[in-house]
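When a ligand or atom number is given, it counts from 1 through the structure's own listing order.
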Amino acid sequence: MKSQIKARKKKIKEGLKEEFSRIREKLGSPPVLLSYMVGEDPSSEVYRQSIRKKGEALGIKVVFREGSEEGILEANQDPSVHGIIVHCPREDFLRYSSLISPQKDVEGIAPTNLGKLMRGERGPVPATALSVMELLRLLNFPLEGREAVIVGRSLIVGKPLFFLLLRENATVTVAHSRTKPLQKFTSKADLLVVAVGKAHLIKPSMVKEGALVVDVGINVVDGKILGDVDPRVGEKATLTPVPGGVGAFTPYMLFRNFALILREKIEGKTPYSPD
Ligand code: NAD
């Protein structure tokens with residue numbers, strides 16, 4: 001599966017490169033993505049650098065800026081900034097994400113964009129949720145009438161994914177830290193998506209034979225990257241790899257959102273549907 005994912009990633013990258021080159025032509029200069037840091041958040045630094053490197057390879061100008069929340073409001077008004085990513089400590093996420101202009105919100109986390117997702121309207125959607133959908137398409141997993149269970153209800157993964165899977169006519173259950181017992185729900189899933197952040201939480205006994213298990217988790221344990229799913233699950237179900245699974249697509253889904261935003265700006269219409 002890893003080589004299949006790699007090949008798809010390459011295709012997505014090529015498509016985006018072409019798309020951003022068309023956008024650049026229309027704008028007359030490279031599109032500018034602002035990576036804005038509010039407060040201290042060292043864990044965002046690596047992510048930021050990686051977005052800059054990948055974005056610049058697509059012809060996007062990624063600008064770093066640090067400051068207080070006023071800076072977000074200024075960037076909303078600044079015509080030279082086309083898209084904004086805000087990095088902040090976890091506890092401030094709700095406050096700062098709600099300040100981002102929906103027209104510049106490449107992460108799809110502004111209240112208006114989350115509302116659009118719920119209403120089934122086009123708009124930027126949190127990249128990790130889009131990435132899971134991309135993986136399901138790659139694996140030709142039919143969703144209609146299937147039983148999907150998501151473990152994790154965060155605003156950037158579990159909740160947006162709920163709406164995307166629902167849109168594809170799956171019957172969706174969202175389990176979380178207070179679900180009891182977790183196994184009762186996970187073991188009935190044809191599709192199990194796990195986005196928790198606890199290494200190897202899901203054991204083989206919790207999974208239905210022949211299911212598809214999408215492991216979103218990224219946990220660093222003793223210098224190794226581990227998923228939320230015990231690899232032995234792969235003996236009875238199809239299990240997506242970590243690393244090199246969902247995470248392979250995530251940054252490119254962010255750039256897809258950026259392209260959508262830029263197209264809306266340039267053409268006033270959106271030929272791209274996020275699902
Ligand atoms: P989060 O901490 O915001 O949310 C975790 C969720 O897991 C919560 O909704 C909580 O209710 C649930 N949970 C916690 N303990 C549980 C338990 N014992 N049983 C059932 N549910 C439980 O995390 P997040 O930002 O959604 O990220 C989840 C994981 O996905 C992390 O490992 C993160 O690193 C990873 N992630 C990966 C990508 C990617 O591209 N692959 C992108 C974003 C996040």
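- Looking at Ile156, Leu161, Thr240 and measuring to atom 25 (O) of ligand 1, the nearest heavy atom belongs to Ile156.
- Residue Arg178 does not touch ligand 1, judged by heavy-atom distances below 4.0 Å.
- Scanning the protein heavy atoms around atom 24 (P) of ligand 1, the nearest turns out to be Ser154 OG, 3.8 Å.
- Here the closest heavy-atom approach between residue Leu262 and residue His82 is recorded as CD2-CB, 3.7 Å.
- Residue Arg90 places a heavy atom less than 4.0 Å from ligand 1.
- Heavy atoms of Leu155 found under 4.0 angstrom from ligand 1: none, in either backbone or side chain.
- Residues Ala211 and Ala189 approach most closely at CB-O, 3.5 Å, considering heavy atoms.
- Protein heavy atom closest to atom 18 (N) of ligand 1, with residue, atom name and distance, is Leu201 CD1, 4.0 Å.
- Under a 4.0 Å criterion applied to the non-hydrogen atoms of Lys198, ligand 1 contributes the atoms 14 (C), 15 (N).
- For ligand 1, none of its N or O atoms has an N or O atom of Val151 under 3.5 Å away.
- Of the protein's non-hydrogen atoms, the one nearest atom 43 (C) of ligand 1 is Thr128 OG1, 3.4 Å.
- Regarding atom 9 (O) of ligand 1, its nearest protein heavy-atom neighbour is Arg153 N, 2.8 Å.
- The nearest protein atom to atom 37 (C) of ligand 1, hydrogens excluded, is given as Val216 O, 3.0 Å; this is a heavy-atom distance.
- Nearest non-hydrogen protein atom to atom 11 (O) of ligand 1 is Ser177 N, 3.1 Å.
- Regarding atom 44 (C) of ligand 1, its nearest protein heavy-atom neighbour is Val157 CG2, 4.4 Å.
- At a heavy-atom cutoff of 4.0 Å, ligand 1 is contacted by both the backbone and the side chain of Ile218.
- Pairing each heavy atom of Leu182 with each of Ala175, the nearest pair is CD1-CB, 3.7 Å.
- Nearest heavy atoms, Val32 versus Ser80: CB-O, 3.3 Å.
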Open item on the list: Between Arg256 and Glu19, does the salt bridge (charged side-chain N to carboxylate O under 4.0 Å, His left out) criterion hold? Intermediate values first, please.
Closed with: CA-CA 9 Å; Arg256 222 179 235 185; Glu19 170 131 42; over 6 Å; no
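- In this structure, the separation between CG on Asp190 and CD on Glu147 is 6.5 Å, given to the nearest 0.5 Å.
- Interface atoms of ligand 1 facing Thr250, defined by a heavy-atom separation under 4.0 Å, are 39 (C), 40 (O).
- Contact annotation for Val196 and ligand 1: heavy atoms of both the backbone and the side chain come within less than 4.0 Å of the ligand.
- Judged by the shortest distance from any of its heavy atoms, Ala195 lies inside the 4.0 Å radius around the atoms of ligand 1.
- Residues Ile85 and Val106 share a closest heavy-atom pair of CG1-CG2, 3.4 Å.
- The residue Thr179 has no part lying near ligand 1, judged by heavy-atom distances below 4.0 Å.
- At the top of the distance list for atom 31 (C) of ligand 1, counting protein heavy atoms only, stands Gly197 CA, 3.6 Å.
- Looking only at side-chain heavy atoms (C-beta outward), Pro124 and Lys116 stay at 4.5 Å or farther from each other.
- Partner of Glu14 under the salt bridge (charged side-chain N to carboxylate O under 4.0 Å, His left out) criterion, out of Lys17, Lys11, Lys10: Lys10 alone.
- Using a cutoff of 4.0 Å between basic side-chain nitrogens and carboxylate oxygens, Arg22 and Glu25 are not scored as salt-bridged.
- Between Phe20 and Phe258, the two ring planes are tilted [angle within 30° to 60°].
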